[in-house]
Asks: 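Take a look at this one; I'll ask things after.
Remember, predicted model here, so these are calculated numbers, not experimental data.
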Amino acid sequence: MTRLIVLFMLVVACAAPATAQVAAVRVQSDSLWVGEWTELVLGVAHDGSRRAIFPDDSGAEAPAEAIGTAGDFELLTRLSAGSRMLPDGGRLDSVAYRATTFALDTAWALPVVGLVSESDTLRVAGMPLLVPIRSVVPEDAEDILDITPIVEFPRAWWPWLVLLAVLAAGWILARRLRKRTP
């Protein structure tokens, strides 16, 4: 995982100068199953005068199970975070998350990171990453199957037996009470 973060940091650092804010996203797998967990890394290269705010610390609305979102991906837990100075004086901040998606064909991983200074807030969005989602439908499936008919169950007879037993017990009790009364 640390190798992935270092590789990500190098790619972002070489891709653009630190004076321009550049956000990027990397997903560990080249394709996923629906609901499969993966590692998603968000990063931002900037001039170093601001503090990076990632989706899980921005207070943005997210599903109850997730700590944030990045496009079609739900961020489940923060795995690690890193920050380092770049040779030109800028800074590279990145966070690795355990993430999942429930998209059916393709999922967009959208890198959106906030940069905050004392007087200003900047939202940096990078190029989205398209991740193919593998189909869970078998390859030999021809068409959607029709709805099956409702199954008929035989009526239960035991409630009638219980009712009959209660009535018989009541009748017997009433006869005994009538015999004792003068």
Side-chain angles (χ1 to χ4, degrees), residues 1-117 120-141 144:
M1 179 170 52
T2 57
R3 280 190 265 164
L4 181 65
I5 292 175
V6 170
L7 178 65
F8 176 75
M9 295 164 105
L10 289 174
V11 169
V12 173
C14 296
T19 56
Q21 293 83 18
V22 178
V25 63
R26 296 289 178 257
V27 177
Q28 181 180 16
S29 304
D30 60 349
S31 64
L32 298 169
W33 295 100
V34 174
E36 179 182 6
W37 287 357
T38 188
E39 185 175 307
L40 183 136
V41 181
L42 288 175
V44 62
H46 56 96
D47 63 3
S49 65
R50 298 172 185 253
R51 181 175 59 90
I53 301 291
F54 290 92
D56 60 329
D57 24 62
S58 67
E61 288 295 318
E65 306 82 33
I67 59 172
T69 59
D72 291 335
F73 284 85
E74 293 180 15
L75 307 175
L76 303 174
T77 57
R78 183 183 272 212
L79 299 175
S80 63
S83 179
R84 71 175 186 95
M85 296 303 291
L86 297 173
D88 61 357
R91 194 166 87 201
L92 177 64
D93 296 318
S94 63
V95 175
Y97 297 97
R98 175 176 292 130
T100 188
T101 184
F102 295 99
L104 295 180
D105 185 24
T106 53
W108 289 96
L110 184 62
V112 177
V113 179
L115 293 174
V116 178
S117 67
D120 192 20
T121 300
L122 177 66
R123 194 171 176 152
V124 180
M127 290 293 294
L129 177 67
L130 181 68
V131 179
I133 304 298
R134 296 183 207 130
S135 176
V136 294
V137 178
E139 290 183 20
D140 60 344
I144 297 174

Asks: Pro55 and Tyr97: which non-hydrogen atoms are nearest, and at how many Å?
Replies: CD-OH, 3.8 Å
Asks: Given Leu110 and Val25, is the side-chain contact (heavy atoms from CB on, under 4.5 Å) satisfied, shown in steps?
Replies: CA-CA 7 Å; Leu110 184 62; Val25 63; over 6 Å; no
Asks: CG/Asp72 to OG1/Thr106 distance, rounded to the nearest 0.5 angstrom?
Replies: 7.5 Å
Asks: Please find the pair of heavy atoms, one from Ala52 and one from Val44, that lie closest to each other, and give the distance.
Replies: CB-CG1, 3.9 Å
Asks: What heavy-atom pair brings Val41 and Ser94 nearest, and what distance separates the two atoms?
Replies: CG1-CB, 4.3 Å
Asks: Return the CG to CG distance between Leu76 and Asp56, rounded to the nearest 0.5 Å.
Replies: 11.5 Å
Asks: Leu104 and Ile133: side-chain contact (heavy atoms from CB on, under 4.5 Å), yes or no, with the steps?
Replies: CA-CA 6 Å; Leu104 295 180; Ile133 304 298; over 6 Å; no
Asks: Rounded to the nearest 0.5 Å, what's the gap from CZ on Arg51 to CG on Leu115? Could you check?
Replies: 10.0 Å
Asks: Tell me if a side-chain donor or acceptor on Arg26 pairs with a main-chain N or O of Leu129 at a distance below 3.5 Å.
Replies: no
Asks: With respect to Arg50, which candidate in Leu122, Asp93, Thr121, Val124 satisfies the side-chain contact (heavy atoms from CB on, under 4.5 Å) definition?
Replies: Leu122
Asks: Can you see which heavy atom on Ser49 is nearest to which on Ser117, and at what distance?
Replies: O-CB, 4.3 Å
Asks: To the nearest 0.5 Å, what is the distance between CD on Glu39 and OG on Ser80?
Replies: 6.5 Å
Asks: Drop me the distance from Arg98's CZ to Leu75's CG, to the nearest 0.5 angstrom.
Replies: 12.0 Å
Asks: Can you name the closest pair of heavy atoms from Val113 and Ile53 and give their distance?
Replies: CG1-O, 3.5 Å
Asks: For the CZ atom of Arg84 and the CG atom of Leu92, what is their distance to the nearest 0.5 Å?
Replies: 6.0 Å
Asks: Could you go through Leu42 and Phe73, starting from their C-alpha distance and side-chain angles, then the distance that decides it, and tell me whether this counts as side-chain contact (heavy atoms from CB on, under 4.5 Å)?
Replies: CA-CA 12 Å; Leu42 288 175; Phe73 284 85; over 6 Å; no
Asks: Give a yes or no on whether Arg134 atom CZ has more than 12 heavy-atom contacts from other residues, nucleotides or ligands under 6.0 Å away.
Replies: yes
Asks: Looking at every heavy atom in both Thr100 and Glu36, which two are closest together, and how far apart are they?
Replies: OG1-O, 3.2 Å
Asks: Tell me whether Met85 at atom CE has more than 12 heavy atoms from other residues, nucleotides or ligands lying less than 6.0 Å away.
Replies: yes
